[in-house]
Amino acid sequence: MVGECVDLALAASADLADHRDVNTVARRTEAKLRAAMAAARPAGAGREDALGSDLETVRDAVDTYRANALARLARTPLADAEAGLAHDTALRAARSRPTAQADADQARATPARYLLLERLESVRALRERASQLRSTATTPARKAVNARCPRPPVPISPAPRRAPGRPHQRQRPHPTHRPR
């Protein structure tokens with residue numbers, strides 16, 4: 001769940017094309033969550049109580065991070081454009097101004113949810129790519145090269161059979177075979 005909070009924070013505020021910004025936001029979010037979990041633990045609590053407290057803290061944090069991400073993404077130009085169109089449409093439909101504003105707010109939420117899902121997919125793709133790079137970096141260089149361009153398997157021919165108890169005799173070349 002901590003990872004989900006980090007993903008939501010990255011989707012809301014990080015420049016996903018800048019790995020330094022991604023790393024900074026991820027570290028900062030994780031540190032905030034760990035501090036919140038430590039602060040919420042009851043004093044003198046056992047392991048199970050501490051784990052239950054941590055779980056509750058993280059669940060609350062997921063909801064908070066999701067709401068913050070949606071609120072931030074609702075202020076993007078795409079969300080503003082959708083809200084403007086909905087507001088104008090509601091006014092033209094002879095609705096009252098408060099109804100038009102409610103329609104605009106609802107219309108602003110739709111692209112925010114879409115943008116959040118889109119950015120979460122980008123964060124997941126970044127995580128997968130980073131995982132692949134880490135696994136490649138931990139293997140020896142030769143294995144990494146072979147993994148990128150695998151060789152076809154070489155067929156292994158069976159060893160020549162010898163009759164039991166008989167020494168190996170060198171085969172003579174075929175009479176029509178001429179050495180080069």
Side-chain angles (χ1 to χ4, degrees), residues 1-87 90 97-148:
M1 288 190 145
V2 172
E4 188 176 353
C5 289
V6 171
D7 288 353
L8 287 166
L10 289 172
S13 62
D15 177 9
L16 299 180
D18 182 8
H19 74 282
R20 287 188 181 110
D21 190 33
V22 169
N23 290 336
T24 301
V25 170
R27 274 191 240 114
R28 185 176 47 226
T29 303
E30 195 168 324
K32 283 181 183 178
L33 281 172
R34 302 257 181 241
M37 287 189 296
R41 284 186 195 127
R47 181 173 170 80
E48 286 187 22
D49 291 337
L51 289 175
S53 171
D54 290 351
L55 183 62
E56 191 63 34
T57 302
V58 172
R59 280 185 181 157
D60 292 342
V62 167
D63 294 338
T64 303
Y65 277 99
R66 184 174 305 282
N68 289 343
L70 287 170
R72 184 177 285 237
L73 293 172
R75 294 187 304 264
T76 60
L78 177 64
D80 287 340
E82 285 288 324
L85 288 172
H87 186 267
R97 193 169 289 282
T99 306
Q101 188 58 43
D103 289 350
D105 292 340
Q106 187 176 7
R108 184 183 303 276
T110 302
R113 283 191 299 271
Y114 169 77
L115 289 171
L116 180 61
L117 290 174
E118 188 176 78
R119 289 184 58 90
L120 284 172
E121 280 299 315
S122 298
V123 168
R124 287 186 186 105
L126 282 174
R127 280 193 187 278
E128 287 179 20
R129 178 71 179 138
S131 175
Q132 288 173 349
L133 290 174
R134 273 193 299 273
S135 68
T136 302
T138 58
T139 60
R142 183 48 122 185
K143 284 185 180 178
V145 168
N146 289 340
R148 279 189 236 120

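Sequence positions, counted from 1, serve as the residue numbers for this chain.
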How would you list, by chain and number, every residue that makes a side-chain hydrogen bond (donor to acceptor under 3.5 Å, both in side chains) with [X], sequence neighbours excluded?
X	answer
R41	D54
E118	Y114
R127	D7
R66	E4

**Contacts of type side chain to side chain contact (heavy atoms under 4.5 Å, CB included), residue R129, not counting sequence neighbours** =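 With sequence neighbours excluded, R129 shows a side chain to side chain contact (heavy atoms under 4.5 Å, CB included) to Q132, L133, given in chain and number order.
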
Show the atom names and distances, to 0.1 Å, of all donor-acceptor pairs under 3.5 Å that link a side chain in residues 24-32 to residues at least two apart or in another chain.
residue	atom	partner	partner atom	Å
T24	OG1	R20	O	2.8
T29	OG1	V25	O	2.8
E30	OE2	R34	NH2	3.4

Gap separating the [atom1] atom of [X] from the [atom2] atom of [Y], nearest 0.5 angstrom:
X	Y	atom1	atom2	result
L10	C5	CG	SG	11.0 Å
R72	L116	CZ	CG	12.5 Å
S122	L117	OG	CG	11.0 Å

**Message:** Please enumerate all residues that pass salt bridge (Lys or Arg N to Asp or Glu O under 4.0 Å) together with R75, with sequence neighbours excluded.
**Reply:**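 With sequence neighbours excluded, R75 shows a salt bridge (Lys or Arg N to Asp or Glu O under 4.0 Å) to no residue whatsoever.
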
Counting only pairs under 3.5 Å, give me each side-chain donor-acceptor contact of residues 56-65, with atom names and distances, residues two or more places apart or in other chains.
residue	atom	partner	partner atom	Å
T57	OG1	S53	O	2.8
T64	OG1	D60	O	3.0

**Item:** Backbone of L16 reached by a side-chain donor or acceptor of R119 within 3.5 Å
**Value:**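 No: the side chain of R119 does not pair with the backbone of L16.
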
